[in-house]
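Read through the structure below, which is laid out as structure tokens, and then see the notes.
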Amino acid sequence: FPALRALAERNSALAELRSGESGLPRRISLAQDDLDEERRLLDETRRRFRGARRRIAVGGLTEGMAVILRRDYEWLSSERRMRRASEARDRQLSNAQLEQIALQEKRSELSDLDSATDRFLQSLGDDRPPEFIRDTARELLAAQREAQDDALDDLATLTDIYYEHKDVAGQRLLAVRSYLEFIRKRILWVRSTSANPLEGLAAVPGDFAELAVYVADREEWVGLRRSAQERAGRCVVLLVVTLLLIALRGPLKRKRADLGALVRSYRTDAYGHTVKALGHTLLLALPGPALLLAAGWVSAAAESPLPRALGRSLKEFAVVWLLLRLLGGLFADSGVGRSHFRWPASSAVAVRRELRWFEPLVLVAGVTALTLDRLGVASWSNSIGRTAFVLAMLALSLLSHRLLRAESELWSTVSKTDVGLLGKTHRLWSLLATGLPVVLAVLSLAGYYYTALQLELPLRYSIVLALSLVLTNAMLLRLSLI
């Protein structure tokens with residue numbers, strides 16, 4: 001009897017809904033564990049917030065208290081991550097509610113077993129089926145209704161947990177926002193380390209030896225292998241794309257040079273050639289930063305503190321490296337700057353010469369400083385990390401000075417044609433570009449290392465904005481000449 005077999009298979013499917021790793025009881029267990037963890041985080045956030053307010057009220061905002069606030073700031077979840085988790089829970093809740101509605105509709109069809117049995121028998125096309133078929137059908141439908149009732153109870157429990165989790169998560173978001181605002185208002189201008197920089201410099205050799213032993217510990221890197229295995233598919237795709245871009249470097253360079261040759265004649269000149277050349281420049285700049293970003297993405301998901309801190313730093317500096325590679329590509333011999341924007345050859349040579357020493361130095365120093373800061377070992381951060389940060393800032397200041405001083409090859413060429421506001425205020429903004437990194441280095445040496453780290457990010461954004469404006473201006477001028 002195929003109809004009875006199909007009915008039995010539907011009952012079996014309902015039973016599977018409540019069994020296995022994806023069954024409702026397992027989903028309820030996982031949802032309850034997530035809810036318990038959310039409650040624990042909420043209680044811990046409130047406990048830390050109360051403790052911080054009480055200590056500051058009694059003892060004031062000391063350097064030790066600033067260290068505690070910094071650690072709590074790093075421990076607190078970001079609002080963006082919490083919103084993403086909330087969106088994922090909302091999708092889970094919506095799916096559970098849809099399952100519940102669909103099951104309720106099917107359950108309503110079995111509210112009267114006799115009527116449901118009659119409808120089932122009528123679908124067989126036999127007006128007077130044997131009695132044992134009626135009894136078997138009724139038993140199967142009764143079992144189906146019971147399984148639906150059990151599944152509906154489980155779904156009701158699951159949705160209740162999701163609703164409660166949503167409420168607790170909302171409370172934690174408010175608590176995190178309050179504590180973050182409390183910390184931001186108090187921590188920025190408090191010394192995070194000793195005001196004597198010589199102490200940090202003297203500790204560098206010993207701390208470096210300790211750090212080397214820590215880095216060599218295999219236990220710290222066990223989680224990294226697991227993280228790479230979990231992301232193996234996407235890592236392989238990214239690696240293949242990167243290797244393909246490396247293999248295409250020669251053709252991409254030749255194509256960029258060909259596009260530069262086309263814009264030299266008014267007969268073949270077109271704005272699209274410049275846009276394409278910029279695209280080729282981006283593709284040529286991508287391989288190294290893409291691999292760095294992939295390494296950071298894998299490392300940041302590891303369980304151990306060291307690879308996680310290193311991964312977060314690598315992700316940030318992958319963007320910095322991409323910017324430097326793009327800048328070098330713009331000033332290449334056959335680059336967009338020389339061929340399309342008509343930037344002088346002497347300026348291009350000067351920029352490439354300075355980037356050759358600046359690029360590796362700032363990447364190594366920057367990644368070192370950020371990694372040690374996020375690792376949370378104060379002694380290493382205050383000695384090795386602070387030294388690396390000062391080195392990076394002084395390198396940035398030296399680069400700005402050598403490229404933007406009045407006698408430089410880059411500015412002497414620009415000043416011949418630019419007599420507008422940019423040229424008239426050159427001394428002011430070149431002084432700012434050279435002096436701001438020095439100010440941050442001095443702040444860190446004076447003990448305000450955390451303050452300097454926080455102010456370095458807006459400085460980085462300002463540099464990106466300035467370079468974007470230069471490129472936009474060049475593209476608009478190029479368009480006006482077509």
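All heavy atoms count here, side chains included; hydrogens, waters and symmetry mates do not.
To the nearest 0.5 Å, atom NE2 of residue H401 and atom OG of residue S430 are 9.5 Å apart.
Every residue meeting the ring-ring contact (aromatic ring centres under 6.0 Å, His included) condition with F389, not counting sequence neighbours, appears here in chain and number order: Y449.
A cation-pi contact, defined as under 6.0 Å to the ring centre and within 45° of the axis, links R186 to F182. A cation-pi arrangement, defined by a distance under 6.0 Å to the six-membered ring centre and an angle within 45 degrees of its axis, is present between R460 and F317.
Summarising the local packing, CZ of R342 is surrounded by more than 12 heavy atoms from other residues, nucleotides or ligands at distances under 6.0 Å. Annotation for K315: atom NZ counts as buried by contact number, over 12 foreign heavy atoms lying within 6.0 Å. Residue-environment remark: CD (E74) exceeds the threshold of 12 foreign heavy atoms within 6.0 Å. Within a 6.0 Å sphere centred on OH of Y271, heavy atoms belonging to other residues, nucleotides or ligands number more than 12.
Taking the six-membered ring where tryptophan is involved, the planes of Y179 and F49 are essentially parallel, since the angle between them stays under 30° and well short of 60°.
One side chain, R478 or T274, offers a donor N or O that lies under 3.5 Å from an acceptor on the other. Counting only N and O atoms by type, the side chains of E99 and N95 include no donor and acceptor under 3.5 Å apart.
Of the candidates E37, Q92, E38, R39, H165 forms a side-chain hydrogen bond (donor to acceptor under 3.5 Å, both in side chains) with just one, namely E38. A side chain to side chain contact (heavy atoms under 4.5 Å, CB included) with I161 holds for exactly one of D33, L30, L35; it is L35.
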> Between E181 and K185, is a salt bridge (Lys or Arg N to Asp or Glu O under 4.0 Å) present by the stated rule, with each step listed?
Replying inline: CA-CA 6 Å; E181 184 179 358; K185 287 181 178 178; 3.3 Å; yes

> After noting the C-alpha distance and the side-chain angles of R184 and Q454, does the key distance pass the side-chain hydrogen bond (donor to acceptor under 3.5 Å, both in side chains) rule?
Replying inline: CA-CA 11 Å; R184 290 185 184 118; Q454 296 305 304; over 6 Å; no

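A salt bridge links E316 to R374: at least one charged side-chain nitrogen sits closer than 4.0 Å to a carboxylate oxygen.
Closest approach of G329 and R256 over heavy atoms only: O-NH1, 3.6 Å. Of all heavy-atom pairs spanning D207 and S383, the tightest one is OD2-OG, 2.6 Å. Nearest heavy-atom pair, S339 versus V263, reported as atom, atom and distance to 0.1 Å: O-CG2, 3.4 Å. Taking all atoms of both residues into account, the shortest heavy-atom contact from T281 to L330 is CG2-N, 4.1 Å. Of all non-hydrogen atoms in A395 and L361, the two that sit nearest each other are CB-CD2, 3.6 Å.
Although no hydrogens or angles enter the test, the distance criterion places a donor-acceptor pair under 3.5 Å between the side chain of W357 and the main chain of E354.
Sequence neighbours left out, the pairs with a member in residues 320-341 that pass ring-ring contact (aromatic ring centres under 6.0 Å, His included) are F331-W343, F341-W343.
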